[in-house]
Amino acid sequence: MIRKVFLLGLSAIVAGCTTMSQGGYKTAQTALAGSPSLKREIMASCVKDENARSAKDKAEMAAVFNINPANYAQTFCKRMINGMASNRITYQDYRNIDSATADNSKLIRVLQGR
């Protein structure tokens with residue numbers, strides 16, 4: 001049961017839901033960094049969610065993040081998850097995702113693969 005709740009929390013983070021506490025985010029980062037099997041599960045969930053986006057949304061996101069539209073979901077999720085696990089995407093970056101006024105340039109660089 002705990003594992004299921006944890007997986008749902010990680011999936012929410014990757015999907016851009018910004019309601020997790022700083023402690024929860026740090027816990028998720030540590031778990032992702034140390035568990036290849038957990039990383040694969042979250043990756044599969046992320047790819048499924050991203051593939052559910054409209055073709056227009058995927059094309060727009062692919063253009064911003066410098067991703068081939070045909071590989072958008074896989075590449076986006078890999079960059080997001082690896083960025084979180086390596087702490088290149090910090091808790092503050094995560095909290096700023098929904099902000100229209102925050103500086104998200106660092107997050108964009110990570111998602112562009114730079």
Side-chain angles (χ1 to χ4, degrees):
M1 179 66 176
I2 291 172
R3 181 172 172 81
K4 186 175 183 176
V5 170
F6 188 71
L7 285 171
L8 288 172
L10 280 173
S11 294
I13 290 172
V14 173
C17 179
T18 57
T19 59
M20 186 172 271
S21 69
Q22 184 170 8
Y25 186 84
K26 289 281 193 187
T27 300
Q29 281 184 310
T30 301
L32 282 171
S35 176
S37 65
L38 178 63
K39 201 182 240 188
R40 282 189 300 273
E41 286 182 58
I42 297 303
M43 181 72 169
S45 176
C46 178
V47 168
K48 179 182 173 192
D49 291 345
E50 291 304 311
N51 278 331
R53 290 183 183 272
S54 72
K56 180 183 176 203
D57 285 350
K58 287 190 274 191
E60 288 174 358
M61 299 277 281
V64 171
F65 298 133
N66 195 30
I67 299 171
N68 178 333
N71 302 325
Y72 164 74
Q74 186 77 17
T75 304
F76 170 81
C77 292
K78 181 178 179 181
R79 290 176 183 174
M80 176 68 84
I81 292 166
N82 287 340
M84 289 175 58
S86 68
N87 199 37
R88 287 192 67 212
I89 299 174
T90 64
Y91 179 71
Q92 192 58 51
D93 298 327
Y94 154 76
R95 291 291 301 166
N96 288 344
I97 289 172
D98 288 337
S99 173
T101 60
D103 178 1
N104 286 310
S105 58
K106 181 179 149 195
L107 178 65
I108 290 173
R109 280 193 303 276
V110 171
L111 294 175
Q112 287 177 336
R114 301 188 284 143

N/O donor to acceptor pairs below 3.5 angstrom from side-chain atoms of residues 65-78, sequence neighbours left out:
unit_1 : atom_1 : unit_2 : atom_2 : d
Asn68  : OD1    : Ala70  : N      : 2.8
Tyr72  : OH     : Glu50  : OE1    : 2.6
Thr75  : OG1    : Asn71  : O      : 3.0

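- How far CZ of Arg79 is from SG of Cys46: 12.5 Å, rounded to the nearest 0.5 Å.
- Side-chain contact between Asn82 and Lys39: present, with at least one pair of heavy atoms (C-beta onward) separated by less than 4.5 Å.
- Within the model, atoms OG1 of Thr30 and CE of Met84 stand 10.5 Å from one another, a figure rounded to the nearest 0.5 Å.
- When all heavy atoms of Lys106 and Asp93 are compared, the pair lying nearest together is NZ-OD2, 3.1 Å.
- Looking at residues two or more places apart in sequence or on another chain, you find a side-chain hydrogen bond (donor to acceptor under 3.5 Å, both in side chains) between Thr101 and Ser99.
- Contacts of Gln92 classified as side-chain hydrogen bond (donor to acceptor under 3.5 Å, both in side chains), with partners at least two apart in sequence or in another chain: Asn96.
- In this structure, the separation between CD on Gln29 and CD1 on Ile89 is 9.0 Å, given to the nearest 0.5 Å.
- Atom OH of residue Tyr94 and atom CD of residue Gln22 lie 11.0 Å apart, to the nearest 0.5 angstrom.
- Atom-to-atom distance recorded for Ile108:CD1 and Arg114:CZ is 9.0 Å, nearest 0.5 angstrom.
- In terms of heavy-atom proximity, Ala85 sits nearest to Ala33 at O-CB, 3.6 Å.
- Taking NZ of Lys26 as the start and OG of Ser21 as the end, the distance is 11.5 Å to the nearest 0.5 Å.
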